2 protein chains.
Amino acid sequence: MITLTEENYIKAIYHLGKYGVDNVSTNSIAKEMETKASSVTDMVKKLSDKGYANYKKYQGVTLTEEGKEIAINIVRKHRLWEVFLVEKLNFSWDEVHEVAEQLEHIKSKKLISQLDAFLEFPTHDPHGDPIPDKTGKINKIDKILLSETIIGDQCICVGVQDSSSDFLKYLDKNKIALGTELVVSHREPFDNSITIKIKNKELIISNMIANNLFVKVS
Amino acid sequence: MITLTEENYIKAIYHLGKYGVDNVSTNSIAKEMETKASSVTDMVKKLSDKGYANYKKYQGVTLTEEGKEIAINIVRKHRLWEVFLVEKLNFSWDEVHEVAEQLEHIKSKKLISQLDAFLEFPTHDPHGDPIPDKTGKINKIDKILLSETIIGDQCICVGVQDSSSDFLKYLDKNKIALGTELVVSHREPFDNSITIKIKNKELIISNMIANNLFVKVS
DNA sequence: ATATATTTTTAGATTAATCTAAAAATATAT
DNA sequence: ATATATTTTTAGATTAATCTAAAAATATAT
């Protein structure tokens, strides 16, 4: 049996290891899990003993295939529940994370396959992140950060990097949602802020915001 | 903060104390929780310290008002989730218990109030048990056990005492569901079995079955 | 290349929940 | 009313997850 805590560590290692091929460091896990490095060392040994992680002292950690499967299944559950909360229970996209963090640990294959069908097999969650299918396949789309666009790019918003409530509320306030179309009209060299046009209305966006919004250039 | 284990003990004490006014015994809790009496003693002290239970050594335990509120809220969540599983995710009534046991611990007021609305404020769960409203009020209907009926009673099935999979599957097999109308036509003194008529078809029912099916006499 | 800083691990303690075995209290039988 | 049986509690140990403080290993700076 896998404990709740083990699941959370596996998930953290998965998210930290997603980019780059490097091993995940003890400290980065400790930060992500809001715990101490010594606790991470203990747990990482345990995950290694159980076959979920590859670990060599002082060398950091990666997930085994089995560990990766578990992580992807948790991500799948998390994102399906987020869709449920937004589509069926009228949650807004900045309210779903905490609840999904709890729901993602419910153990029942039938529950998830039925939920998936009930939601009509969604491919992306409310933040634009892809939902792994039941075999673990993740359908990545070629999105880039708004900060990486060039002047004149015609874009459509497809996701957010950060899904904190503050950021999402900022987007709501400025009428930016997934699917919103925009054109990049100016970049200010001094602070890297970007001017975008949405339906011919101009909006100035800080570099920090642009670094957290994914778009697809058409 | 209240832990998962504490919630489960509170729920067990609530269910055991529901009938009769007696204090709930250490042993009965141990049986219900599938644990040892010594573990129960420890936990019951803790619940008492936290103000959820009244406990005097060797005298058994009752819930405080606060404990009762917590218990009723768990029951509410459990039953709402059961309705969700059956109505929306096509679970059958014998499959919902284990999953609802997990879902009942999810903490989010908004989740439950929205779920309640999404299900259109159901009053009973798939086993006929009443769903407490958000203030904790439980709408009891005057049901009796089929074993308590007398010959000639015209009844409608309104609930089950036992919601084990085996029992529910027996009912399915014999086309007995909540809402099914039946007439009590004979009682066999030797084994207390009962003959009932459903749509003029006769069916002989053991005393054990009759002891687990609630009906309303019309 | 070595000193210094940073990261990681180890050792030993703590808390929550559990257990076994024995002791204490209560209930039951005659 | 007392012996016996049953129930409950206590004492002390165990496991999972965590912590602090110190030691060990690795990385960085000059």
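Values reported hereafter were calculated over all heavy atoms of this structure, with side chains retained and with hydrogens, waters and symmetry mates removed. On a predicted model such as this, the values are computed, not experimentally measured, just so you know. Protein chains get the first letters and strands the later ones, always in sequence-line order, with residue 1 at the start of each.
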Asks: Side chain of T26(B): nearest nucleotide among dT10(D), dC19(D), dT8(D)?
Replies: dT8(D)
Asks: With a 4.0 Å cut-off on heavy atoms, is S38(B) in touch with a base, just the backbone sugar-phosphate, or nothing at all?
Replies: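 Base contact - S38(B) has a heavy atom under 4.0 Å of at least one base atom.
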Asks: Using a cut-off of less than 4.0 Å, is there contact between a side-chain N or O of Y55(B) and OP1 or OP2 of dT8(D)?
Replies: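 No, because none of the side-chain N or O atoms of Y55(B) sits under 4.0 Å from OP1 or OP2 of dT8(D).
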Asks: Under 4.0 Å, heavy atoms only, any strand: does T5(B) hit a base, just the sugar-phosphate, or nothing?
Replies: sugar-phosphate
Asks: Would you please say whether a donor-acceptor pair under 3.5 Å links the side chains of S38(B) and T41(B)?
Replies: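 Side chains of S38(B) and T41(B): no pair found under 3.5 Å.
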Asks: Which label fits F118(B) and F84(A): parallel for a plane angle under 30°, tilted from 30 to 60°, or perpendicular past 60°?
Replies: perpendicular
Asks: Among the nucleotides dT9(C), dC19(D), dT9(D), which one has an atom lying closest to any side-chain atom of T41(A)?
Replies: dT9(C)
Asks: Respond yes when some side-chain nitrogen or oxygen of Y9(B) is under 4.0 Å from OP1 or OP2 of dT18(C), and no when none is.
Replies: yes
Asks: The side chain of K36(A) is closest to which nucleotide in this list: dT18(D), dC19(D), dT9(D)?
Replies: dC19(D)
Asks: Tell me if the centroids of the rings in H127(A) and H97(A) come within less than 6.0 Å of each other.
Replies: no
Asks: NA contact type, S39(A), heavy-atom cut-off 4.0 Å: base, sugar-phosphate, or nothing?
Replies: base
Asks: Between dT18(D), dT9(C), dA25(C), which nucleotide gets closest to the side-chain atoms of Y58(B)?
Replies: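 So the side chain of Y58(B) is nearest to dA25(C).
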Asks: I'd like to know if the side chain of R187(A) reaches the main chain of T149(A), judged simply by a donor and an acceptor atom lying under 3.5 Å from each other, with no hydrogens or angles considered.
Replies: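 Pair found, side chain donor or acceptor close to backbone of T149(A).
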